[in-house]
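These notes concern the structure reproduced below.
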There are 2 protein chains.
Amino acid sequence: MKLTERQKEIIEIVKQNEPITSQEIAERLGLTRAALRPDLSILTMAKILDAKPRVGYYFVKEPGAVGKLEKLLEMKIEDLQSHPVVVQESSSVYNAIVTLFLEDVGTLFVSDKEGYLVGVVSRKDLLKVTIGEADIQKLPVSVVMSRMPNIIVTKPEETFYTALRKLVDYKVDALPVVVEEEVNGQTRLKVVGRFSKTTLANVLASHLSEL
Amino acid sequence: MKLTERQKEIIEIVKQNEPITSQEIAERLGLTRAALRPDLSILTMAKILDAKPRVGYYFVKEPGAVGKLEKLLEMKIEDLQSHPVVVQESSSVYNAIVTLFLEDVGTLFVSDKEGYLVGVVSRKDLLKVTIGEADIQKLPVSVVMSRMPNIIVTKPEETFYTALRKLVDYKVDALPVVVEEEVNGQTRLKVVGRFSKTTLANVLASHLSEL
């Protein structure tokens, strides 16, 4: 929402003198109340100012707060993503668990030798195998992971909103951020980032604290 | 942002006829362009309509979208929380893991015999113990949990924004929603809900899809 110079002036006057009547604001600006009315209604409708009957106008919040929150929804994943943690499909389950703790993430992405995405392994996948009989030092992580093409991914050019919807609709904790590469006529995916529910919470909180 | 009847009418006209000039809108409403101007500037400043020079007005988005997003931040946890999953401190680690899978949650809250909160156990806590030498069928969950008073909690009357900040600032995946009770002169906490990063993502997504 783009404010005029006069609207900005009105906000400053209210900030410093609240509560203040429209008559008093008009006097300070050398205007009639009638001339002031359209600006005051815009500012109260936008909830930048609030009016209490017989008391006057109050300052509610900085203009721009709303726009910023909306802008977040349209921001690109490439500007929001976290660092991805990738293990090779031949890694043992034990190694995957150690990596998960060392890197302090909830989800690992699994790649083949060429570095292309082949699967995703969550804390739940790992927990399920550790309570079984398997020898987790020997069992490769590829046996317990969710496997391509049943992996929900996002892309650097997708928006915050799209990624949020995927996390929720597919009930996953994290999405690999991928770019497509053509290899021998096949489309393979390279992992370039991570967008998890933790990333989501962090991005939202830091965005809101800047308002 | 509360719209007048005339502003709502203008929005409908633009929606169905975009692009449409202010002259055409004025004619449909039986008004002069001058009389229409204040409403049109409010609607474009609120980014509900957009104007392209020499083309006319376009519809951009539903009014209310912005206000709703802001309102979410101030909503109370009691209106947003998920169902809590609680195990007793005497439960085995094995039982806790089974509960976690059956209930499909990432974090369990742990209570004493009287039902008061004594700890929280995460997937990571459980994963850590399962790769050790312990007999998880016998080991009580109280040995591996995070313990009161080192538990970050939220309350039914706290806001979405406060809970979001706690999840992020304390790096936890879930908060127990608690109410205080006085027991023999001591303040104890009863768990009445759960607010996790998954709750957060779900609430945000469903809120946005209603816009």
Side-chain angles (χ1 to χ4, degrees), chain A residues 1-4 7 37-39 41-47 61 63 65-67 69-70 72-73 93-94 97-98 100-101 104 106 122-124 126-132 136-137 160-161 163-169 171-173 196-206 208-209 211, chain B residues 1-4 7 37-39 41-47 61 63 65-67 69-70 72-73 93-94 97-98 100-101 104 106 122-124 126-132 136-137 160-161 163-169 171-173 196-206 208-209 211:
Chain A
M1 169 154 179
K2 216 164 154 48
L3 298 175
T4 63
Q7 287 162 357
R37 200 168 298 132
D39 285 323
S41 32
I42 287 173
L43 293 174
T44 47
M45 288 182 67
K47 291 186 182 150
K61 60 149 190 278
V66 172
L69 200 50
E70 289 216 301
L72 172 62
L73 301 181
V93 166
Y94 182 82
I97 295 173
V98 170
L100 189 137
F101 278 103
D104 195 24
S122 70
R123 283 171 292 197
K124 280 202 172 167
L126 295 170
L127 197 51
K128 202 180 280 168
V129 66
T130 57
I131 60 172
I136 60 169
Q137 301 265 7
F160 176 91
Y161 182 69
L164 165 65
R165 286 245 59 106
K166 286 182 178 180
L167 287 172
V168 168
D169 294 345
K171 298 186 189 202
V172 290
D173 279 338
S196 67
K197 285 178 181 164
T198 295
T199 317
L200 172 82
N202 291 346
V203 163
L204 187 62
S206 73
L208 293 173
S209 65
L211 295 185
Chain B
M1 170 154 176
K2 216 164 156 48
L3 298 176
T4 64
Q7 287 162 358
R37 199 169 300 133
D39 285 324
S41 33
I42 286 173
L43 294 174
T44 47
M45 287 182 67
K47 290 187 184 153
K61 60 147 188 280
V66 172
L69 199 50
E70 289 217 302
L72 172 62
L73 300 181
V93 166
Y94 182 83
I97 295 173
V98 171
L100 189 137
F101 278 103
D104 195 23
S122 70
R123 282 171 292 198
K124 278 200 175 171
L126 295 170
L127 196 51
K128 203 181 279 170
V129 65
T130 58
I131 61 170
I136 61 170
Q137 302 265 6
F160 175 90
Y161 182 69
L164 164 65
R165 285 246 59 107
K166 286 182 178 179
L167 287 172
V168 168
D169 293 345
K171 298 186 188 198
V172 290
D173 279 339
S196 67
K197 285 178 181 164
T198 296
T199 317
L200 172 82
N202 290 347
V203 163
L204 186 62
S206 73
L208 293 173
S209 64
L211 295 187

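Convention: sequence-line order gives letters A, B, ...; per-chain numbering from 1.
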- Item | Sub-4.5 Å side-chain heavy-atom contact between A:Gln137 and B:Ile131 | no
- Message: Ignoring hydrogens, what is the shortest heavy-atom contact between B:Ala201 and A:Val168? Give both atom names and the distance.
- Response: O-CG2, 3.4 Å
- Most chain A-contacting option - heavy-atom pairs closer than 4.5 Å, from B:Leu100, B:Leu164, B:Asp169: B:Leu164
- Under 4.5 Å from a heavy atom of chain B, the part of A:Lys171 involved: neither
- Query: A:Thr44 versus chain B, heavy atoms under 4.5 Å apart: side chain, backbone, both or neither?
  - Reply: neither
- Query: Looking at B:Val98, B:Asp173, B:Val93, B:Ile136, which makes the most heavy-atom pairs under 4.5 Å with chain A?
  - Reply: B:Asp173
- Quick one: does B:Thr198's side chain get under 4.5 Å of A:Lys197's, heavy atoms only? yes
- Turns out that what part of B:Ser196 lies under 4.5 Å from chain A's heavy atoms comes down to neither
- Message: Counting only non-hydrogen atoms closer than 4.5 Å, does B:Leu200 touch chain A with its backbone (N, CA, C, O), its side chain (CB onward), both, or neither?
- Response: side chain
- OG1/A:Thr130 to CG/B:Leu126 distance, rounded to the nearest 0.5 angstrom? 9.0 Å
- Cut-off 4.5 Å, heavy atoms of chain B, and the answer for A:Leu127 is both
- Are B:Lys124 and A:Asp104 ion-paired here, with the side-chain N under 4.0 Å from a carboxylate O? yes
- Is chain B contacted by the side chain of A:Ile97, its backbone, both, or neither, given a heavy-atom distance below 4.5 Å? side chain
